[in-house]
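Structure, as structure tokens:
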Amino acid sequence: MKKKDLNKLGSDELVVKLRENEEALLNLRFQKALQQLDHPQQIRSLRKEIAQIKTVINEYKLGKRG
């Protein structure tokens with residue numbers, strides 16, 4: 001998901017998206033451990049997306065977003 005798409009989501013939607021991504025990351029780590037992961041870059045991109053979501057959520061908490 002692009003950064004500009006994250007900006008369009010509300011606070012509640014971001015929390016749901018964060019949970020989904022954390023579950024997906026856990027599944028990718030299991031696949032990596034079992035050597036079933038085809039594209040290891042997925043882990044890196046998913047971790048980056050999680051960090052971006054957490055940043056936007058924190059901005060909502062600090063009042064920098066509406």
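Quick note: residue numbers are just sequence positions, from 1.
Here the CD atom belonging to Glu22 is positioned 9.0 Å from the CZ atom belonging to Arg19, to the nearest 0.5 angstrom. Residue Gln31 holds its CD atom at 11.0 Å from NE2 of His39, rounded to the nearest 0.5 Å. Of the inter-residue distances, the one linking Ile57 atom CD1 with Lys54 atom NZ reads 8.5 Å to the nearest 0.5 angstrom. Taking CG from Leu25 and CD from Gln42, the interatomic distance works out to 11.0 Å, rounded to the nearest 0.5 Å. The line from CG of Leu14 to CD of Glu59 is 10.0 Å long, rounded to the nearest 0.5 Å. Interatomic distance, Leu18 CG to Glu49 CD, rounded to the nearest 0.5 Å: 10.0 Å.
Residue Lys3 places its NZ atom among more than 12 non-hydrogen atoms of other residues, nucleotides or ligands, all under 6.0 Å distant.
Using a 4.5 Å heavy-atom cutoff, the side chains of Leu37 and Ile43 are in contact. You'll find the side chain of Glu20 reaches within 4.5 Å of the side chain of Val16, heavy atoms only.
Nearest heavy atom pair, residue Ile53 against residue Lys17, reads CD1-CG, 3.5 Å.
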